[in-house]
Structure formats: structure tokens, C-alpha cells
Amino acid sequence: MGKKYETPLLDELKKGAFPSFVTEIEKAAALTGQPEDLASMASDLLGHTELCYKEKVTHWKHGGIVGVRGYGGGVIGRYSDIPAKFPGVAHFHTVRINSPSGFYYEADSLKEICDLWDKYGSGLTNMHGSTGDMVMLGTRTEYLEPFFAEVSSRGWDLGGSGSAMRTPSCCLGMSRCEWANIDTMAITNDITQHYQDEMHRPAFPYKFKFKAAGCPVDCIASIARADMSIIGTWKGDIRIDQAEVKEYSKKMNIQSEVIDMCPTECMSFNGNELLINNSQCNRCMHCLARMPKALRPGTEKGATLLLGSKAPIVTGALMSWVIVPFIKMEPPYKEFYDLIDKIWEWWDENGKNRERIGELIERVSFPKFLKEVGLDPHPAMVKEPRRDPFFFWSEEDLAK
Amino acid sequence: MSAIPDRQTDIGPPHYEKFLHPVIKKNYGKWKYHEIINAGLMVHVSESGDKIYTVRVASPRLIATTTIREYCEVAKKHSDGFLRFTSRNNVEFFATTEEKAKALMADLTSRGYMLGGIGPRISNVVHTQGWVHCHSAATDASGLVKALMDELHEYFTTKELQNRVRLAVACCVNMCGAVHCSDIALVGVHKTPPRIDHENLKNACEIPSTIGACPTSAISPDPSKKSVKIKLEKCMYCGNCYSVCPAMPISDAENDGVAIVVGGKVSNLRSAPKFSRLAVPWIPNEPPRWPKVVAAVKTILNAYIKGAKKHERVGEWVDRIGWESFFKETGLEFKIQHIDDFTFARQTFRTSAAFKWT
Ligand code: HEM
Ligand code: HEM
Ligand code: SF4
Ligand code: SF4
Ligand code: SF4
Ligand code: SF4
């Protein structure tokens, strides 16, 4: 097909070494086998985006409510504000497909999704969106139902959007990482299945995200992006293979690269043997990352639960903080689900519309949250105790 | 069109086990150690002695089904039909021997894919939707990433840094892309308040929720117009009201632009996770290649390369030398906007007389 619009600005972005999104939109525009109204989507997206580049403003409008029958989320409505000029993107809705844990795929089933998206959508995707879903980018309202029927009949489901539990995501954990202390992929899959209703029929004050990382390296950025961060950790001594330490000492300076960079100064190396004062180690992972062959996490494994992170809107960004220092994360995860249910109940009762759990705790106080969901205070929850004496005594605390 | 099959609901995603390479499935939870062979290749060794080689290539995140089919073709040819995506939009293929890995890499290279992203380098850029798909965008995201990575791709493919440098782009302060904890990140910002379309506001918006959306209480009712008014000196252009009420458009071709924040991290290695902090308050949008933004990022990156010790992340380097030195080393101007006046402001004021002259 010939070019529908001149796109001199976007054409500039086809040049250069790094893969180009413009080339991808053009590839989608060249797809054959789509119904006519969908075939024009990607080519009109090029014209539409070129205009945004020229005018330096966005031309998308707010999404209205669109979706599939029986679901409150999973589809994000999107319309152009200049549909007469670019009819192909008059509707340009996103369908979020719940990704499998760890983002692993088998080629034939991925190809099947591609075929369906050519049949019912623009042929454009985000692999993946920031939330972790496979993002099917651009379709019209009337194609939502048939697309959903087809993907669901092949074993796929929609992810979360709106004031709901969002698609949980995780690092690849035990599938390919020697540092994983918990089975992040199994946990994430279990949470997703356990809370299907909370994901598809929004009933929360606002969004709620789970992310699971196998160790404190946190490759999935849970501490910054998840209302509930599940981070694998261990108790007991770091396992040391002294022979491998010696091997490392031949090719790196263990003193300056490991011992001197240990933040708790709990290590020493006499040229022969590496010693760790494990009671002082805060499990920062630095030494394990430097010498993966020689050092391994301890054997009593579990997770630290942290709560509350979010981006800056509305009152400022938060990072998750510790609420449970150590929990065994093993099926059927009963202790974990009991706690989540209590936290959600408390949030539903106390949260304002569009108030994330972290903001709610900030507003009504962390001690109050701990009492009401039944968690005991622990020094791991704070960087330091409070600085001022303005605390509340309740009747029951007076008695203690 | 053929008949539509019966729909199923609440079945969740397919079980991940179906998608695991047999060697990965067999050695699940039994990996012993790994080695990075080069920027695009690493090997994991299991307690059983099995090995899995991982080859990584960049993707532009926004990808056509045509391209996904090509990934699938490569996977079928070299990777026993399996592949995965990383959380930074890279694509990973697997091989069970070094020879197979080499053939896989050769095939990927001949098809024009860019191998890299593993180890102490710049991996792919986490980003959001921008002008390609979002109504809130103050800048584009895909275009900024492309412009940036065209200049920095050698740090993806070959060159090493002191540590990982995570780049991220968010096209507005909603920050869907978690830029608030990245080493160097760009965020689209507005500099002017929303414009109120009183005629449409009446019909399109609910006044109490519009007022409720404002974090600084800048919005109040305007009963005479059955609309709202904005106390301009209180507005900090977050655009939250526009997200709730479309009759308050905020985008502005001349005044929207890009802020640069630096020094964030999420990993717990050595030092605690950190928020990114403001380095440059505003650079105008200059599509398609944003030369001033790209130049500023390179200035910051070069100062890090020059000053940081081995293994230090950007934020750790800045914490060691101090922010006063950061502005000196980068030559970036310290402006009034760098001094915080938002929610957690006083935590950022200096409460010591010990500081560095620059
Ligand atoms: C109506 C307004 C909003 C729209 C249309 C919107 C749209 C989106 C979209 C499309 C994504 C997926 C992005 C992607 O695929 O890369 C996303 C994710 C995200 N949104 Fe929003 N968003 C809105 C409001 C907000 C607000 C108010 C916040 C902050 C409180 C926010 C924070 C985020 C974050 C942090 C993510 C990424 C989550 C993750 O990385 O897991 N968004 N949003
Ligand atoms: C050398 C051993 C390491 C391996 C094998 C490794 C592996 C990975 C993998 C596979 C991912 C993608 C995760 C996913 O898509 O689920 C990732 C991401 C990430 N890695 Fe690592 N990692 C290593 C070390 C580190 C270190 C030392 C740091 C920090 C200093 C780090 C920081 C990150 C971060 C922040 C991510 C976040 C996800 C993202 O990049 O957005 N990793 N890593
Ligand atoms: S978070 Fe830890 S366990 Fe998970 S992939 Fe990263 S290093 Fe491995
Ligand atoms: S994990 Fe961190 S704190 Fe613990 S011994 Fe290693 S470097 Fe030190
Ligand atoms: S960061 Fe803002 S503009 Fe970008 S996708 Fe998210 S809400 Fe839209
Ligand atoms: S842009 Fe933000 S601060 Fe300004 S009026 Fe709207 S909600 Fe309030």
C-alpha cells in the first residue's frame, strides 16, 4: 500500500541504530488480512502522530467507558479528538491481556494472539505495558466482544484496569535466577487466579498492584511500583564456597570490590578465607552479586512484605515500606491471603475515592493501620523511631 | 467471518509452565550460578550441570504483530520454540549449547536485531505511551527513547559502565513508567495551568470530583457560571483535574516540555532504594529528536562516567560527592525550581553547616 500521509518528522525517527517504533507502525499499516476499517488504523495512527509531532500537543481524548460484558476492567477506551481527519483512529481502544508469570511464551500460542489481533485490531502491541500486561493497542468498540471470545476460548484472559487489582507481575525468579528465595512465578500466578473477581470487577477505592521479586535486587521494581511488594529473602548464614572465593581472588580485588563496599562492614578476607558476621548483614545482595559462584543466600527462605508505593500524583511519590519482616511464602499462602483480605477491608472502609493504600496510611497513621489489621510493631518497619513525643495512648495501651 | 467461539471468563492467564523451555523447566529452582559472556549473551549453570544460554535483543516496545511473528520464527528455529520478554521490553531467546547460541546470535544479527543490554550497561528504556496513545501526554515517549538510544546504543551493545544505568521516560507526571526511581529519567511537564472551557464543563464534568482532584486545593466553585475557577498561584500544573474533567485541557505546545530527574534506584544493593531527584526543571519539546534533552542526558552520563567508582550507581555517586558537586561537575544550572515546595519539602533542606563550595 502506498503512503497515506506525508510524515517527514516521524521519518527522521526511522534513521539511526536503535529499533524504531515508526517502522513498527508502518509494518502494521502494511498488514494484509484485516477488515478494512481496522486496516486503516495503523496508517491513520502515523498521520495522527505526525500531527502531534508538528503541533507539539497530544490529540487523544479521554477514554469513555468501554469493555466486555461482565467485566469492569481490562479495556482502556481511547478516541481521537480529530476523528474526521483521521477516521481510522476515531476509536483506538487498548485491550490488556493478562501476561503469563515471568513473560515467557511459546511461539505458536504467541502467534495465535498475533493472528487474532490482525483479525480484530490494528496489529500493534506493547510487549509489555508498564503494568505488565500484553497491551493490544488499537481496536474499535464493536470488535471487543468477538476478540475477547476468541482469546478466552484459547485460554487467555484480560488483565486489570481501573479501580481494581491490576495484573500482578514478577521477576523470573527460580526459572533462571540462582538468587531467588521464593517462587515468584508460582506466587504471582496464584495471586492472579485467587483474585480474579477483584481484578475484573473493580470495587476498590483505587488501583492495587502486587509485584514479586525473588531477592532484594528487585528486578521488577516492586519497591517503587507496587502497592504490595513481595521481596524474597532469607534468614541464617550466607553460604560460602571458600574454594570459589579463592578463584575470584585471582581475577578481582576482593578487598576493594566486595569487603570495602559491604555497607554493614561485616565482612573480612585474609587472602585465604572469607568471613561474614551474619548477624550484622542486612542482606543487601552486593557480595552475592559480585561473586555468584562463591556466595549463596542462606537456606531458611521466605519474603519481606512491603506496602504503599506509588507515583507522585496526588500528594507525592511513595516507596513501599516494611509491614511484615518475614513470612513463609508457600502454598496455599493462607497467612498471606488472610492479611491481604484484612488490608483490603480496611482500605475499603477508610479510603477515599482515588486514594492509594499508601496515601491512606499516611493520612490516618501507620500505627493505626497496624492495630486495625492486627500486625505487631517491629523495628524493621522504621529507619529510626519517631523524633517527637506527640503520640496517642489508647485505653488498652495505657494498661500495657 | 467464521463463527465466534463461546467466551470464557475469569480463567486467568495460561499457566507459565506451558511456556518454559524444557531445560528451564527441568532446572527450575536449581540454578547454581551465571556468567555474563558479553553484552548480549549470558549463561546460567544448574546444579545438575545443565546450561542455558540467554541471548537478549532490544525492542522498541511498540511492536507490530509482523515483528512478533519474526521473533517466533527465530524462536522455533534456534530456541526450541520458546522466548521471553524482560520487564524492560527486551526479547530473550534460549540455547542449550554455546554453538547453538552463536548460530542464534548470527541469525539475529543478520536480521538486523540489536544484541545487548546485559550487565553494567544501559538496558532498554522503560517508557509510557506519549503522543502515540495518551490524552495526558506533555511530551512523546517513544520518540524521546529512540532519539536517546540512537546516541547511547553503544552502551547497550558494547561499552561498559561502572554499573547499570537505568533510563526511563514518562510523558506526564502520572509517571506510568516509574521514572521516580531510575538512574536518569525524563518526565513530561506542563508549565501553565489548565484552561477552563466553561460551556463544556457544565455538561462534561462533575464539579465536586473536579474540585476533589486538585492536590493543592486550587479549584473552587464558580456558581455564576455553573463552573469552577482556579486560583492560579496555587496550581502546580499536575493535570490531575484534566484527568477527571476533560473540559480543563492543559497541554500547551510552547510551554510543555521535559524535566530530567536523576539518582533513583530500586535495588537494595549496598544502599537503600532511592527516589530520583530533579536535575533539570524544563527543556522545551523539540520533536522529532529533542537535541537539547539528549545533550543534557549525555552531559549527566559523562559526568557519572568520569566521576563514579566501580559498582557505584548514579545515585550513589551523587550521594558521595554531594549535590553541590553534581551541579558543578555537570555544569547544570541550579535554579529556584530545584528547591522543594511540595509535600515532603522540608526533608530536603540542609540542616548542617557542612557543605561544599563550588
Ligand atoms: C486517567 C488517567 C490515567 C490514564 C489514562 C493512565 C493510563 C495508563 C496507562 C495506559 C498505563 C500503562 C502504561 C503502559 O502501558 O506503559 C498506566 C500505567 C500506570 N499508571 Fe496510569 N493512567 C492514568 C492515571 C494515573 C495516575 C493518576 C497515576 C498515579 C497515581 C498513574 C500511575 C501509573 C503507573 C505508576 C503506571 C505503571 C504501573 C506499573 O509500572 O506497574 N496513572 N497508566
Ligand atoms: C548479575 C546478575 C543479575 C542477573 C542475572 C539479573 C537479571 C535480571 C533480569 C533477568 C532482569 C529482567 C527481569 C524481568 O524482566 O523480570 C533484570 C532486571 C533488573 N535488574 Fe537485574 N540482574 C542481575 C543483577 C542486577 C544488579 C546487580 C542490579 C542492580 C545493581 C540489577 C538491577 C536490575 C533492575 C533494577 C532491574 C529492574 C527491572 C528493570 O530493569 O526495569 N540487576 N535483572
Ligand atoms: S529480583 Fe533477584 S531473584 Fe529476581 S531476577 Fe532479580 S536478581 Fe534474580
Ligand atoms: S549481603 Fe550486603 S551486607 Fe550482607 S555481607 Fe554481603 S555485602 Fe555485606
Ligand atoms: S505518563 Fe501520563 S501521559 Fe504518559 S501514559 Fe501515563 S498517564 Fe499517559
Ligand atoms: S493542574 Fe493540578 S494543581 Fe492545577 S488546578 Fe489542576 S489539579 Fe489543581
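We use all heavy atoms of the structure for the numbers below, so side chains are in, but hydrogens, waters and symmetry mates are not. Quick note on labels: first sequence line is chain A, next is B, and so on, each numbered from 1.
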Among [options], single out the residue with the greatest number of heavy-atom pairs under 4.5 Å to chain A.
options	value
Thr216(B), Leu20(B), Asp256(B)	Leu20(B)
Leu62(B), Thr343(B), Ile52(B)	Leu62(B)
Ser251(B), Gly143(B), Ala147(B)	Gly143(B)
Lys76(B), His153(B), His311(B), Glu286(B)	His311(B)
Lys30(B), Lys25(B), Glu151(B), Glu35(B)	Glu35(B)
Asn285(B), Val45(B), Ile68(B)	Ile68(B)

Determine the minimum heavy-atom distance between [X] and [Y], stating which atoms define it.
X	Y	result
Lys146(B)	Pro19(A)	CD-O, 3.8 Å
Ile24(B)	Ser175(A)	CG2-O, 3.2 Å
Pro288(B)	Leu9(A)	CB-O, 3.4 Å
Arg296(A)	Lys32(B)	NH2-CA, 4.0 Å
Tyr71(A)	Thr9(B)	OH-CA, 3.4 Å
Ile11(B)	Gln196(A)	N-OE1, 3.9 Å

Less than 4.5 Å apart, any side-chain heavy atom of [X] and any of [Y]?
X	Y	value
Ile4(B)	Phe147(A)	no
Pro5(B)	Glu150(A)	yes
Tyr28(B)	Asp183(A)	yes
Trp179(A)	Tyr33(B)	no
Val132(B)	Phe92(A)	no
Arg289(B)	Leu13(A)	yes
Cys181(B)	Met319(A)	yes
Asn268(B)	Val217(A)	no

Within a 6.0 Å radius of atom NZ on Lys309(B), are there more than 12 heavy atoms belonging to other residues, nucleotides or ligands? no
Rounded to the nearest 0.5 Å, what separates atom [atom1] in [X] from atom [atom2] in [Y]?
X	Y	atom1	atom2	answer
His128(A)	Arg61(B)	NE2	CZ	11.0 Å
Tyr16(B)	Leu172(A)	OH	CG	12.5 Å
Met149(B)	Ser20(A)	CE	OG	13.5 Å
Asn174(B)	Lys310(A)	CG	NZ	10.0 Å
Ile63(B)	Leu137(A)	CD1	CG	11.0 Å
Trp60(A)	His133(B)	CH2	NE2	5.5 Å

Going by the rule side chain to side chain contact (heavy atoms under 4.5 Å, CB included), which residues pair with Pro100(A) if we only count those two or more places apart in sequence or in a different chain?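 Listed in chain order: Tyr105(A), Trp156(A), Phe19(B).
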Do [X] and [Y] have side-chain atoms, one donor and one acceptor, less than 3.5 Å apart?
X	Y	result
His200(A)	Asp10(B)	yes
Asp218(A)	Ser267(B)	no
Thr54(B)	Arg176(A)	yes
Glu24(A)	Thr67(B)	yes

Counting heavy-atom pairs closer than 4.5 Å to chain B, which one of [options] comes out on top?
options	value
Ala213(A), Ala17(A), Ala28(A)	Ala17(A)
Lys61(A), Glu12(A), Met185(A)	Met185(A)
Ala180(A), Ser122(A), Pro292(A), Ser309(A)	Pro292(A)
Val68(A), Val89(A), Leu124(A)	Leu124(A)
Lys111(A), Lys293(A), Lys27(A), Met285(A)	Lys293(A)
Ala149(A), Cys114(A), Gly16(A)	Cys114(A)

Between Tyr53(A) and Trp290(B), does the ring centre distance come in under 6.0 Å? yes
Got a sec, which residues hit salt bridge (Lys or Arg N to Asp or Glu O under 4.0 Å) with Lys56(A), two or more places apart in sequence or on another chain?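 Applying salt bridge (Lys or Arg N to Asp or Glu O under 4.0 Å) to Lys56(A) gives none.
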If the threshold is 4.0 Å, N to carboxylate O, is there a salt bridge linking Glu257(A) and Lys310(B)?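 Salt bridge flag = yes for Lys310(B) with Glu257(A).
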With the threshold set at 4.0 Å, does a side-chain nitrogen-carboxylate oxygen contact exist between Arg69(B) and Asp115(A)? yes
Checking [X] against chain A: side chain, backbone, both or neither under 4.5 Å from a heavy atom?
X	answer
Asp252(B)	backbone
Tyr113(B)	neither
Glu17(B)	neither
Glu47(B)	side chain

Can any side-chain N or O of [X] pair as donor or acceptor with the backbone N or O of [Y] at less than 3.5 Å?
X	Y	result
Asp150(B)	Phe18(A)	yes
Trp131(B)	His59(A)	no
Asn98(A)	Gly12(B)	no
Glu178(A)	His34(B)	yes
Ser153(A)	Arg7(B)	no

Can you say whether Glu244(A) sits under 4.5 Å from chain B via the side chain, the backbone, both, or neither, judging by heavy atoms? neither
Examine whether an atom of Ile223(A) lies under 4.5 Å from a heavy atom of chain B, and if so say whether it belongs to the side chain, the backbone or both; otherwise answer neither.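 Only the side chain of Ile223(A) comes within 4.5 Å of chain B.
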Tell me, please, whether Phe103(A) has Arg84(B) positioned over its six-membered ring: NZ or CZ under 6.0 Å from the ring centre and within 45 degrees of its axis? no
